[in-house]
Visitor: 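Below is the structure I would like to discuss, written out as structure tokens.
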Amino acid sequence: MQVVVVGNADAQIEGLLKQPGRTVVWLGEAQAATRKPAPGDVVVIDVRGREHLPSFVAPLTSSATEVGFVLLCSKLDPGLMLEAMRVGVRECVAEPLDAQELEAAIARVTVKHRIDGAVFAFVGAKGGVGTTTTAVNVALELSQVAPKQTLLIDLHLSNGDAGLFLGEDPRFSVVDALDNAARLDQAFFGSLVVRSKGRLDLLASPDAAVAPPADSARIRTLLEFAASHYRYTVLDVPRSESAALEALDAVSRVVIVANQEVPTVRSAGRMAARLRQRYGKERVSLVITRYDPKAEIGQDDIEKTVGSRVRHLVPSDYRRAVEALNDGKPLSLDNHNSLAGAFRSIARDLAGVRSSDSPDKGTGRLFGFLGGRRN
Ligand SMILES: Nc1ncnc2c1ncn2[C@@H]1O[C@H](COP(=O)(O)OP(=O)(O)O)[C@@H](O)[C@H]1O
Ligand SMILES: [Mg+2]
């Protein structure tokens, strides 16, 4: 984080502001009129010894976006404070300057710089195909790329099991987030999520027996919030909840999860058609889980029926999948199995990392990025 101090260099202020991980930059008043602070900066304006706000302050505050301002003054003079408030300065710290007081003011005005994160939705063509398994493990893989900046949201408004897969039983849930969608901020959201394995944040489904009605507008608000605060957000989407399926506008990619059973493939076809129409062809993709190369229905049949290329195949390894579930230890945390390799390939594909960078390259044709192998 950067603190810009406008005023004459001053050893006392320098000492008060010095902190690990913080850069302190000094600007003269003349420079302040022309140099625009960056989003996320805090600007400390030293007006000690003055009774009125200098003329450079108003243009400075009005031109800045997502910047916090703190005024240093000789005393808390009501006239000066009013002038400051009028131009958008919310904090004034008076002499004698105190480190704690100054830090508290800086913390209050710090604007968390919003980011333009990516959201990936996983939705099963049928129940039990392995959607949650895939969503949780892909989220863990993404969290390796962006620890503390990856979020998994279980959008099931009751009895979702993403938390169980991670061995977590959080106190708050996605329903609390949706109930308070209008007042979501960083601090409140932080109290609803748990930091789970692999430094992945989880917003879980509640234990409640009955789900409240889902509301697309609130889900949309939640997803926008997630995208502006996390680099990657992964969603475990309930396939039978149309309000959730209608709210995926912020999503970069919707991944339909299917297997090689006829009813599932048919359902995947219907779902793909609907999602393509709603979100555009390029945003919808298909993953086959529990893939059996000897099964009667092959990859070609699935692609024809669904009208989409199969982007990834996840091999079948029931014993490992169930063990991981029972131990609450996700597959991705164990590097040496083919399932983990498949999830890593999906994560890399979603995150835009070339699959040839993958350490799994060439370890088998059952998993990994198969898009390039065909046509
Ligand atoms: N690739 C896989 N191979 C074998 N079994 C799997 C695989 N993925 C998931 N499973 C198992 O299938 C069952 C359903 O998985 P789950 O992820 O809960 O599906 P869904 O979310 O689609 O209902 C679980 O017992 C899980 O361990
Ligand atoms: Mg599930």
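Counting convention: from 1, in listed order, for ligands and their atoms alike. Throughout, residue positions are numbered sequentially from 1 according to the sequence presented.
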Visitor: Near the Mg ion (ligand 2), which protein N/O/S atoms are found at less than 2.8 Å?
Guide: T132 OG1
Visitor: Are there any protein N or O atoms under 3.5 Å from the N or O atoms of ligand 1? List them with distances, or say none.
Guide:
from	atom 1	to	atom 2	distance (Å)
ligand 1	1 (N)	P315	O	3.0
ligand 1	3 (N)	D317	N	2.9
ligand 1	12 (O)	R290	NH1	3.0
ligand 1	17 (O)	T132	N	3.4
ligand 1	17 (O)	T133	N	2.8
ligand 1	17 (O)	T133	OG1	2.5
ligand 1	19 (O)	G130	N	3.0
ligand 1	21 (O)	T132	N	2.9
ligand 1	21 (O)	T132	OG1	2.8
ligand 1	22 (O)	G128	N	3.4
ligand 1	22 (O)	V129	N	3.2
ligand 1	22 (O)	G130	N	3.0
ligand 1	22 (O)	T131	N	2.8
ligand 1	22 (O)	T131	OG1	3.2
ligand 1	23 (O)	G128	N	2.8

Visitor: Going by heavy atoms in the side chains, are V284 and I256 under 4.5 Å from each other?
Guide: yes
Visitor: For residues 42-53, pull every pair meeting side chain to side chain donor-acceptor pair (under 3.5 Å), keeping only residues two or more places apart or in separate chains.
Guide: D10-R48, E29-R50, D46-R48, R48-E95, H52-E83
Visitor: Are side-chain N/O atoms of S316 and D292 paired as donor and acceptor at under 3.5 Å?
Guide: no
Visitor: Any side-chain donor paired with an acceptor under 3.5 Å for N259 and T264?
Guide: yes
Visitor: Has the side chain of K75 got a donor or acceptor atom that lies under 3.5 Å from a matching backbone atom of A94?
Guide: no
Visitor: Under the rule for salt bridge (charged side-chain N to carboxylate O under 4.0 Å, His left out), what residues qualify as partners of E246, not counting sequence neighbours?
Guide: R278
Visitor: What are the two closest heavy atoms between L178 and L222, and how far apart are they?
Guide: CD2-CD2, 3.8 Å
Visitor: Determine, using the 4.5 Å side-chain heavy-atom cutoff (strictly less than), whether V57 and L80 are members of one ILVMFWY cluster.
Guide: yes
Visitor: Is the side chain of D41 donor-acceptor paired with the backbone N or O of A38 at a distance under 3.5 Å, no angle test?
Guide: yes
